[in-house]
Amino acid sequence: MAVIKEKDGRPGKPPGKESQPLIIAKTPAEEQRLKLERLMRNPDKPAPIPDRPKEWNPRAPPEFVRDVMGSSAGAGSGEFHVYRHLRRREYQRQDFLDKTTEKQKMDLDYLDKVSDNQQAADERTAKRRKKREKLKQKKLMAKKSKQDANKGEDSEKSSSSSEEDDQEREAEDDAEAPSFVMGKR
């Protein structure tokens, strides 16, 4: 019978897998580091992600109670412990119901607050958008009126400039002709 021995000399282990030295973490940071190192040794292997723990729910109250406690004297010594246990369970259930209603109320308040904030933000945005549009329209109107004024001035200038051009041409013609004629007065 052949005994399989590894480098470290342990029989019964298949070859190829090295044994890891036992390291005890002294701090939580070191423990986290060791866990990450172990995960990163084989990155192809999926990391275990635990499911979120389910919220604790109390046991529903029984529909039919078999052992009804009576108010008669002479109850046995063990009955008090049963009663105490039932009372504790009922108080836990009531506390749980109170907490869930409080949580639901807080959730509704939060949702109302978020919707109010969203509505206020939408109103502010609409107001600012309206203001931007108004400024844009004002700029367009100013630009149009300026262009209309320029067109009117251009048409006036073109008519007045044509008269000026005629006068300039005459002046040029006059400049070419001598300003005095010899022998004439």
Side-chain angles (χ1 to χ4, degrees), residues 1-140:
M1 182 167 155
V3 176
I4 302 172
K5 283 199 172 186
E6 214 180 83
K7 293 178 191 174
D8 59 356
R10 291 186 305 166
K13 292 282 183 178
K17 186 139 183 167
E18 298 177 18
S19 63
Q20 297 292 326
L22 180 64
I23 300 173
I24 299 172
K26 295 178 182 166
T27 63
E30 192 174 335
E31 183 179 348
Q32 186 75 23
R33 183 182 56 81
L34 290 172
K35 285 181 181 178
L36 281 173
E37 284 177 359
R38 188 175 70 225
L39 283 173
M40 294 310 289
R41 269 188 228 133
N42 189 3
D44 297 334
K45 184 179 176 183
I49 300 173
D51 292 334
R52 188 175 185 180
K54 293 181 180 173
E55 191 173 315
W56 178 82
N57 281 334
R59 214 183 313 168
E63 291 181 20
F64 182 76
V65 180
R66 297 190 195 296
D67 301 326
V68 178
M69 298 246 174
S71 60
S72 63
S77 61
E79 296 299 315
F80 172 72
H81 301 291
V82 173
Y83 164 74
R84 187 179 60 180
H85 182 65
L86 289 173
R87 183 183 63 179
R88 183 181 56 84
R89 191 182 301 164
E90 181 62 19
Y91 285 161
Q92 271 185 338
R93 190 180 73 81
Q94 288 176 356
D95 287 342
F96 174 77
L97 292 175
D98 291 343
K99 286 179 184 176
T100 53
T101 54
E102 183 67 25
K103 184 179 178 187
Q104 288 174 352
K105 182 183 173 215
M106 289 176 71
D107 288 344
L108 287 175
D109 290 345
Y110 173 74
L111 290 175
D112 289 343
K113 187 175 181 182
V114 165
S115 65
D116 290 344
N117 287 346
Q118 182 68 33
Q119 187 177 3
D122 290 343
E123 288 173 2
R124 285 192 306 268
T125 304
K127 186 176 177 182
R128 290 177 181 160
R129 183 183 306 119
K130 189 176 178 182
K131 190 174 180 181
R132 281 194 307 269
E133 291 294 325
K134 196 173 181 181
L135 284 173
K136 203 179 213 183
Q137 290 296 327
K138 243 184 186 176
K139 284 183 180 179
L140 282 174

Does atom CZ (Arg128) have a neighbourhood of more than 12 heavy atoms from anything else shown, all under 6.0 Å?
no
Nearest-0.5 Å distance, NZ of residue Lys26 to CD1 of residue Ile23
10.5 Å
Once side chain to side chain donor-acceptor pair (under 3.5 Å) is applied, do any residues pair with Asn117, and if so which ones, sequence neighbours excluded?
none
I'd like to know if Arg33 pairs up with Glu37 as an ion pair, taking the criterion as any Lys NZ or Arg NE/NH1/NH2 lying under 4.0 Å from an Asp or Glu carboxylate oxygen.
yes
Could you report the tightest heavy-atom contact between Arg59 and Arg93, atom names first, then the distance?
O-CD, 3.9 Å
Quick one, Leu34 with Glu31, criterion side chain to side chain contact (heavy atoms under 4.5 Å, CB included). Give me CA distance, side-chain angles, the key distance, then yes/no.
CA-CA 5 Å; Leu34 290 172; Glu31 183 179 348; 5.7 Å; no
Would Glu102 and Lys99 count as a side chain to side chain contact (heavy atoms under 4.5 Å, CB included) if you check the C-alpha gap in whole Å, the side-chain angles of each, and the deciding distance to 0.1 Å?
CA-CA 5 Å; Glu102 183 67 25; Lys99 286 179 184 176; 5.6 Å; no
Determine, stepwise, if the pair Leu86 / Glu90 fulfils side chain to side chain contact (heavy atoms under 4.5 Å, CB included).
CA-CA 6 Å; Leu86 289 173; Glu90 181 62 19; over 6 Å; no
Separation between CE (Met106) and CG (Asp109), nearest 0.5 Å, reads 8.0 Å
So CD of Gln118 and CD of Glu123: to nearest 0.5 Å the spacing works out to 11.0 Å
Using the side chain to side chain contact (heavy atoms under 4.5 Å, CB included) rule, take Lys127 and Arg124 through it: C-alpha gap first, then chi angles, then the decisive distance, then the call.
CA-CA 5 Å; Lys127 186 176 177 182; Arg124 285 192 306 268; 5.7 Å; no
For Lys138, give me all partners under side chain to side chain contact (heavy atoms under 4.5 Å, CB included), at least two apart in sequence or on another chain.
none
Starting at CG of Asp122, measure out to CZ of Arg129 and round the result to the nearest 0.5 Å.
8.5 Å
So, for Phe96 and Trp56, which heavy atoms are closest and what is the spacing to 0.1 Å?
CE1-O, 3.0 Å
Closest heavy-atom contact between Glu30 and Ile24?
OE2-O, 4.0 Å
Gap separating the OG1 atom of Thr100 from the NZ atom of Lys103, nearest 0.5 angstrom:
9.0 Å
Check step by step if side-chain hydrogen bond (donor to acceptor under 3.5 Å, both in side chains) holds for Gln137 and Glu133.
CA-CA 6 Å; Gln137 290 296 327; Glu133 291 294 325; 4.9 Å; no
